[in-house]
*Asks:* 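If you scroll down you'll find the structure; I have some questions about it.
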Amino acid sequence: MSTQAKTNACRMLDKLGIAYTLHEYEWDEDQLDAGTVAGKVGIGIDSMYKTLVLRGDKTGVLLACIPGGKELHLKALASVSGNKKVDMVPVKELQALTGYIRGGVSPLGMKKNYPLYLERTALATEPVSISAGRRGLQIFLSGKDLAAAADAIPADITH
């Protein structure tokens, strides 16, 4: 892949010397869900990690990275992050906060470093797939490498 096509997430992994592979797919505005993307890149739904952007009532913006087949447990995330409650950030705020758009939010290479809570199961998953920072492009890497690169806080945040 040419350097011009590399995303901030790719450049960050390159700088850290972390091995990854890139997987392109045809995307559709109406089919950005984890199940569809997992099928298009040929990986199981539990290895496809989605990045959610939330706002805590005490800490402000934070991220959760969870398997595509799971649901975020808001109370668990609030508890582990030192908040009383957390809510999803409205889609219209995503780009201003992260530099990414819906369907292309990567846990790596954001405009600002927000705390990232990574579902603990990622540490034993190889590979995990995350958005490379644009629609139609996924990064495959080990869950442990993702945790290290993102300085993630492993936690039990799904149900």
*Asks:* Roughly how far apart are Leu62 CG and Ser81 OG, rounded to 0.5 Å?
*Replies:*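 With rounding to 0.5 Å, CG (Leu62) is 5.0 Å from OG (Ser81).
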*Asks:* Would you say the side-chain atoms of Tyr114 pair up with the backbone N or O of Pro107, donor to acceptor, closer than 3.5 Å?
*Replies:*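 Flag not set: sc Tyr114 to bb Pro107 has no pair under 3.5 Å.
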*Asks:* Side chains of Val105 and Leu94, heavy atoms from C-beta outward: is any pair under 4.5 Å?
*Replies:*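 Contact flag for Val105/Leu94 side chains = yes.
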*Asks:* State the OG-CD1 distance between Ser131 and Ile139, to the nearest 0.5 angstrom.
*Replies:*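 Spacing of OG (Ser131) from CD1 (Ile139) equals 7.5 Å.
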*Asks:* Can you confirm whether the side chains of Asp14 and Tyr20 place a donor and an acceptor under 3.5 Å from each other?
*Replies:*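 Side chains of Asp14 and Tyr20: pair found under 3.5 Å.
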*Asks:* Could you tell me if the side chain of Leu97 sits less than 4.5 Å from the side chain of Lys112, heavy atoms only?
*Replies:*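 They are not in side-chain contact.
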*Asks:* Only pairs at least two apart or in different chains count here, so list each ring pair (Phe, Tyr, Trp, His ring centres under 6.0 Å) that has a residue in residues 137-159.
*Replies:*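 Qualifying pairs: His23-Phe140, His73-His159.
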*Asks:* We want to know whether Tyr49 and Thr121 form a side-chain donor-acceptor pair, criterion being a heavy-atom distance below 3.5 angstrom.
*Replies:*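 Side chains of Tyr49 and Thr121: pair found under 3.5 Å.
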*Asks:* Can a donor-acceptor pair be found, under 3.5 Å and without considering hydrogens, that links the side chain of Gln138 to the backbone of Leu22?
*Replies:*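 Not at all, since once roles are kept as given, no pair shorter than 3.5 Å links the two residues.
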*Asks:* Counting distance only, does the side-chain N/O of Thr125 pair as donor-acceptor with the main-chain N or O of Pro127 below 3.5 Å?
*Replies:*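 Answer holds: no.
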*Asks:* Show me the pairs that pass salt bridge (Lys or Arg N to Asp or Glu O under 4.0 Å) and involve residues 88-101, at least two apart or across chains.
*Replies:*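 For residues 88-101, and leaving out neighbouring residues, the salt bridge (Lys or Arg N to Asp or Glu O under 4.0 Å) pairs sorted by first residue read Arg55-Glu93.
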*Asks:* Tell me whether Lys144 at atom NZ has more than 12 heavy atoms from other residues, nucleotides or ligands lying less than 6.0 Å away.
*Replies:*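 No, the 6.0 Å shell around NZ holds no more than 12 heavy atoms from other groups.
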*Asks:* Charged N to carboxylate O under 4.0 angstrom, Glu24 versus Arg135?
*Replies:*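 Salt bridge absent between Glu24 and Arg135.
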*Asks:* Taking the side chain as every heavy atom from C-beta outward, state whether Ser106 and Thr7 have any atom pair closer than 4.5 Å.
*Replies:*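 No, every pair of side-chain atoms sits at 4.5 Å or beyond.
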